Amino acid sequence: MKLMDICNINMGQSPDSSSYNEDQKGIPFFQGNADFGERYPCTRIWCSKPTKIANEGDILISVRAPIGAMNIANQKCCIGRGLAALTVDTESCDENFLWYALSSKVSELQLKGTGSTFKAISKQVLQDIEIPVPTLAKQKHISCILDKLTDLINKRKQQLQKLDELVKARFVEMFGDPDTNNKNWDVYKLDELCDIGSSKRIYQNEQSSKGVPFWRISDLTDKMDTGVVDNKLFIPEQKYEELRIHGLVPIPGDILVTSRGTLGRCYIISDNDRFYFQDGMISWLSHYKKGVTPLYIQYLFMTQSIKNQIDSMQTGTTVSYLSIAMLKKLDIMVPDEEIQHQFEDFVKQIEKSKSKIQKSLNKLELLKKALMQEYFG
């Protein structure tokens, strides 16, 4: 069945800006995906003279930038032109079933987006989306299965988050607050603790269709976020070996630091890594001195203290950038090396637990993906 046959589609329209307010006058006003939470939207502004209204329980779907994000209205609200509200005909379709069905159609909706500045979809596109609609009993059975899987997936993610929080708490317990250095550790500039540089520039004519992976900053962040890189660029084996012989390739224990976009994220080179990386966008820390360990540096860079230092260096810049010169100026407190190693042992134990949970999470996500394909095609 088409979406228009199982629900009413109400396209949003932004009210007059003079009716926006933060004083809770009127009803909540949601403009788009930026207002979405995990399941329900978060109210940032209200509207005293709403135009288009969504009712409690309606599915809110983003129709522009990005297309397909969804939440459920937890109260009567005003919706702007970035959203559509879907009121489900519960006699023919289970609301939860439709949520999952639409989740499986996001890629299809995105492909149908039009526009030069940013992509958007029309009401007609939404109306014509085909939704498989078995009996209500079958819909509820499918929803129940997917709900249980989703709940298990969320629990695994929460477990991983709690373990990450445990490590951060342990860091502060062992080393103190980096902002105040309340344990009075020695403080050095980062360039006193390690060599700071980048890769040798690789020009486009030096790249190849196969060989050793050549990572851009997006590849590095993919590796940190998912553990996987979908390589698109390479350099010849011969070029890589030439760089390696001259000491221009990172070795295990060296750190790569993101220097554009999200600044200061650290990746520690492992024994199995074999790639080269883009200069300028990624900085390279090596040859540590004064008893500093890479794992300590990685976690120190996650603290608000380092983030504040990096932010203070961005004054007057139009694009977030962390230059080698900026990195060299960072103030780094250096605890006793023995305590750093104790922290490293603690993290290794936590990583073992995280690995088991991550494997379980991966299996659950694969199962959900397979079921979504089976149920919704």
Side-chain angles (χ1 to χ4, degrees), residues 3 7-88 95-96 98-100 102-103 105-106 109-110 113-123 125-126 150-151 153-154 157-158 160-162 164-165 168 221 225 261-265 302-304 307-308 310-312 314-315 317-320:
L3 187 61
C7 66
N8 177 63
I9 302 172
N10 181 21
M11 302 298 286
Q13 179 182 338
S14 299
D16 191 286
S17 59
S18 63
S19 67
Y20 302 176
N21 68 88
E22 298 179 359
D23 303 321
Q24 302 188 29
K25 293 177 181 177
I27 61 175
F29 172 43
F30 304 127
Q31 302 181 73
N33 180 60
D35 295 312
F36 284 1
E38 187 173 334
R39 185 80 169 181
Y40 303 104
C42 306
T43 306
R44 299 185 297 173
I45 57 175
W46 285 257
C47 177
S48 57
K49 294 181 181 179
T51 46
K52 291 297 187 75
I53 292 175
N55 295 306
E56 183 178 356
D58 283 356
I59 295 174
L60 304 179
I61 183 167
S62 175
V63 295
R64 58 195 294 175
I67 295 168
M70 292 192 299
N71 259 203
I72 295 175
N74 53 359
Q75 58 187 304
K76 182 179 178 181
C77 56
C78 174
I79 55 171
R81 61 178 180 167
L83 296 176
L86 311 180
T87 305
V88 184
E95 293 168 311
N96 211 27
L98 182 59
W99 171 278
Y100 287 116
L102 285 171
S103 298
K105 302 292 181 179
V106 171
L109 289 170
Q110 290 174 343
T114 58
S116 54
T117 307
F118 51 80
K119 302 292 185 183
I121 53 172
S122 65
K123 183 175 184 178
V125 168
L126 274 177
T150 302
D151 184 55
I153 288 170
N154 289 336
K157 289 179 177 178
Q158 288 167 8
L160 291 173
Q161 184 179 352
K162 286 179 179 178
D164 285 338
E165 290 169 356
K168 290 177 181 178
T221 55
D225 291 338
T262 303
L263 306 179
R265 296 189 65 189
M302 295 180 194
T303 66
Q304 195 60 46
K307 291 175 183 176
N308 289 342
I310 292 172
D311 288 345
S312 70
Q314 302 303 305
T315 306
T317 61
T318 55
V319 178
S320 295

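Values in this document were obtained by computation on a predicted structure and should not be read as measured data. These numbers come from the heavy atoms of this one structure, side chains and all, not from hydrogens, waters or symmetry mates.
The two residues Cys42 and Gly37 come nearest to each other via the heavy atoms SG-CA, 4.2 Å. Here the shortest heavy-atom pairing between Met11 and Lys52 reads O-NZ, 2.9 Å. Summarising the geometry of Pro41 relative to Leu60, their closest heavy-atom pair is CG-CD1, 4.1 Å, with the distance given to 0.1 Å. Looking at every heavy atom in both residues, Gly264 comes nearest to Ile310 through CA-CD1, 4.2 Å.
The line from OG of Ser62 to CD of Gln31 is 12.0 Å long, rounded to the nearest 0.5 Å. Atom CD in Gln161 sits 11.0 Å away from atom CG in Asn154 (nearest 0.5 Å). One finds the CZ atom of Phe30 at 8.5 Å from the CG atom of Asn71 (value rounded to the nearest 0.5 Å). Of the inter-residue distances, the one linking Ile53 atom CD1 with Ile27 atom CD1 reads 4.5 Å to the nearest 0.5 angstrom. Taking CG of Asn74 as the reference point, atom OG1 of Thr43 lies at 6.5 Å (rounded to 0.5 Å). The CD atom of Glu95 lies 8.5 Å from the CG atom of Asp58; values are rounded to the nearest 0.5 Å.
Taking 4.5 Å as the limit, every side-chain heavy atom of Cys78 sits out of range of all side-chain heavy atoms of Tyr20. Considering only heavy atoms from C-beta on, Arg265 comes within 4.5 Å of Asp225 through its side chain. Within the 4.5 Å cutoff, the side chain of Thr221 has no heavy atoms near those of the Thr262 side chain. Annotation: side chain of Gln24 is in contact with side chain of Trp46 (closest heavy-atom distance under 4.5 Å). Residues Leu102 and Leu86 have side chains in contact (heavy-atom distance under 4.5 Å, counting atoms from C-beta outward). Within the 4.5 Å cutoff, side-chain heavy atoms of Met70 are placed close to those of Ile59. Annotation: side chain of Leu109 is not in contact with side chain of Val63 (no heavy-atom distance under 4.5 Å). Side-chain atoms of Val88 and Trp99, non-hydrogen and from C-beta on, never get closer than 4.5 Å to each other.
Under a 3.5 Å cut-off, the side chain of Asp16 and the backbone N or O of Ser18 do form a donor-acceptor pair.
Atom CD of Glu38 has 12 or fewer neighbouring heavy atoms from other residues, nucleotides or ligands inside a 6.0 Å radius.
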Please lay out, stage by stage, how Gln314 and Leu263 fare under the test side-chain contact (heavy atoms from CB on, under 4.5 Å).
-> CA-CA 11 Å; Gln314 302 303 305; Leu263 306 179; 3.6 Å; yes
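Exactly one of Ser17, Pro15, Pro28 qualifies for a side chain to side chain contact (heavy atoms under 4.5 Å, CB included) with Cys47. That residue is Pro15.
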